[in-house]
Amino acid sequence: MTIDRAQCEALDRDDPLRHCRGRFTLPDGVLYLDGNSLGALPRGVAERVGATVAEEWGRGLIRSWNSAGWYASPQRAGAKTARLIGAAAHEVTVTDAISINLFKLLVAARRMRPDRKVIVAEAGNFPSDLYVVDSVARLVGCSVRRVRAGEVAAAVDGDTAVATLSEVNFKSAERQDMAAVTAAAHAQGALILWDLAHSSGAVDVQLNRAGADFAIGCGYKFLNGGPGAPGHLFVAERHLAAVDQPLTGWFGHAEPFAFSEEFARAEGIRRMLCSTPPMLSMAAYEAALDAYDGVTMDAVEAKARAMGDLLIALFDQRLAPLGCRLESPRDGTRRGSHVSIGHDQGYAVMQALIARGVIGDFRAPDVMRFGLTPLYLGYADVFDAVAAVEDVITSKAFEAPEFQRRHAVT
């Protein structure tokens, strides 16, 4: 049966998350499907950052570390993040960038398994993760065993200190069975570290239910914390007393303002901190999380899956005949909250779409990604996006010279 726009509008009328769209500032004439790279601006964030600059910094000055609660911001933001990823408040902190947090946790995991000499890593993972894995392996004297995500469980053996992979792949959106892979790693005595860059705020992550040891996540994608927002980091409660992370900066000290020249590690999740938090970014991130107030992650995942199923059905009807290829799983239980479509001229097609106000992104060599952010996108938006792709390809608008030129950021 052919899907028309009226059917999509009916789905929007019945959407239990429809009211959340009003929590975001979205430009007129723009259909934004790139929240998997940079989330949209939630209402109230600009005002919160403005108050941090004008009042807390401008008037409170240094006093605001106490009076405005700056010092406690990593734990406060961590507690707000924890409920979105199936963790306890005291197991999560917000600090540093995702790659730095990966470095810290990989070294810490190796220190917890000192007799094991292998790190198992996901081939095809986001390249930054692989770069960090290789660097850590050189630093701690391990070898790296790279396998595809679906082979990680089988690749873990008695020599493995830690396995690391993404729950949702950045390019294909393929989603791994966190509980099953974690159980397989534990059966071999290994630790496991999950990258939630394309999971946090997008799917119903359940770290503790799955028995995960460690996790890292991104603040600027589905969580809408702003460009370069700090990442989040999870350590299971059972590991908090033993975890020994390598970046022993003063904010991870038990008494940072004692100014001791000898390092004494803080208790609990605070031991994962390193340096002074960037308060303007922290203020933006913490305020952005208010967009999830009253929203459950199972409802978010259900809508993301339904929008993905709709996009794929429309792909079959309108895009597959034009030479496009589906690069994401059809099974919604095995797919995150974006859908990737391949086309030989994918970069130029995406540039032509962006010029029309339909914003997705591109990943080499030929994949267009369309982020399906349930809080501010609807089913009619999905219909309109597919119609725009169809028109750009059939009209050959992408052949215009300005769409062939590569930008630094794709």
Side-chain angles (χ1 to χ4, degrees), residues 15 17-28 30-52 73-74 76-87 92-98 101 126 167-168 170 173 195-205 215-234 277-301 303-304 307 336-338 359-361 369-378 381 409:
D15 174 18
L17 297 180
R18 184 181 182 185
H19 66 286
C20 294
R21 188 175 186 128
R23 298 180 178 184
F24 293 85
T25 299
L26 295 161
D28 292 336
V30 169
L31 180 53
Y32 192 62
L33 294 103
D34 205 13
N36 51 294
S37 276
L38 177 65
L41 174 64
R43 295 188 185 277
V45 170
E47 293 79 3
R48 179 69 186 89
V49 174
T52 303
S73 63
R76 194 170 57 243
K80 292 179 72 171
T81 306
R83 81 165 188 90
L84 305 179
I85 57 176
V92 180
T93 192
V94 173
T95 182
D96 296 323
I98 189 169
N101 289 331
F126 191 71
E167 188 196 16
V168 174
F170 82 103
D195 183 333
L196 307 178
H198 288 84
S199 300
S200 298
V203 297
D204 189 14
V205 181
I216 53 172
C218 184
Y220 51 80
K221 300 182 189 296
F222 291 100
L223 293 177
N224 313 295
H232 47 281
L233 177 155
F234 161 85
M279 281 313 305
L280 300 185
S281 294
M282 292 292 292
Y285 175 76
E286 189 174 353
L289 293 177
D290 292 344
Y292 282 87
D293 283 355
V295 174
T296 62
M297 287 309 302
D298 59 340
V300 171
E301 179 176 318
K303 183 178 175 183
M307 288 196 296
S337 194
H338 65 277
I359 302 177
D361 67 10
R369 296 192 308 179
F370 298 91
L372 305 174
T373 44
L375 296 190
Y376 55 80
L377 284 178
D381 294 326
V409 177

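Numbers here are sequence positions counted from 1.
Between the CG atom of Asp361 and the CG atom of Asn36 there is a distance of 5.5 Å, given to the nearest 0.5 Å. Here NE2 of His232 is found 5.5 Å from CG of Leu223. Values are rounded to the nearest 0.5 Å. The line from OG1 of Thr52 to CD of Glu47 is 11.5 Å long, rounded to the nearest 0.5 Å. Here CG of Asp204 is found 11.5 Å from CD1 of Ile85. Values are rounded to the nearest 0.5 Å. Remark: Thr373 OG1 to Leu17 CG distance equals 11.5 Å, nearest 0.5 Å. The OG atom of Ser199 lies 12.5 Å from the CG atom of Leu84; values are rounded to the nearest 0.5 Å.
Between the side chain of Lys303 and the backbone N or O of Leu377 there is at least one donor-acceptor pair closer than 3.5 Å. In terms of modelled atom types and a separation under 3.5 Å, the side chain of His198 and the main chain of Cys218 share no donor-acceptor contact.
Ser37 and Arg369 make their closest contact through OG-NH2, 2.9 Å (heavy atoms, listed as atom of the first residue, atom of the second, distance). Taking every heavy atom of both residues into account, Phe24 and Ala291 meet most closely at CZ-CB, 3.7 Å. When all heavy atoms are compared, the tightest approach of Pro230 to Met282 is CG-SD, 3.6 Å. Contact between Met307 and Pro374 at its shortest, heavy atoms only, is CE-CA, 3.8 Å. Residues Arg21 and Gly378 approach most closely at NH1-N, 3.9 Å, considering heavy atoms. For the pair Val203 and Met297, the tightest heavy-atom approach, listed with the atom from each and the gap, is O-CE, 3.3 Å.
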Exercise for review: Starting from the C-alpha separation in whole Å, work towards a yes-or-no answer on side chain to side chain contact (heavy atoms under 4.5 Å, CB included) for Glu301 and Asp298.
Suggested key: CA-CA 5 Å; Glu301 179 176 318; Asp298 59 340; 5.7 Å; no

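For the pair Arg23/Leu375, no side-chain contact is recorded, criterion being any heavy-atom separation below 4.5 Å from C-beta on. When side chains are defined from C-beta on, Leu33 does not count as touching Asp381, because their heavy atoms never get closer than 4.5 Å.
Sequence neighbours left out, the pairs with a member in residues 281-291 that pass salt bridge (Lys or Arg N to Asp or Glu O under 4.0 Å) are Arg76-Glu286, Lys80-Asp290.
Residues satisfying the side chain to side chain contact (heavy atoms under 4.5 Å, CB included) criterion with Leu41, sequence neighbours excluded, are Thr25, Val45. Remark: Arg83 engages Tyr292 in a side chain to side chain contact (heavy atoms under 4.5 Å, CB included) (not counting sequence neighbours). For the side chain to side chain contact (heavy atoms under 4.5 Å, CB included) test, residues two or more places apart in sequence or in another chain that qualify with Ala202 are Phe222, Ser337. For Pro27, the side chain to side chain contact (heavy atoms under 4.5 Å, CB included) partners two or more places apart in sequence, or in a different chain, are Val30. For Asn101, the side chain to side chain donor-acceptor pair (under 3.5 Å) criterion is met by Lys104, not counting sequence neighbours.
Evaluated for a side-chain contact (heavy atoms from CB on, under 4.5 Å) with Cys20, the options Asp15, Val295, Asp293 yield exactly one hit, Val295. The only member of Val92, Leu196, Ile216 that meets side-chain contact (heavy atoms from CB on, under 4.5 Å) when paired with Phe234 is Val92.
For Phe170, the CZ atom is densely surrounded, since the number of other residues' heavy atoms within 6.0 Å is greater than 12.
For Tyr285 and Thr81, the side-chain atoms include at least one donor-acceptor pair closer than 3.5 Å.
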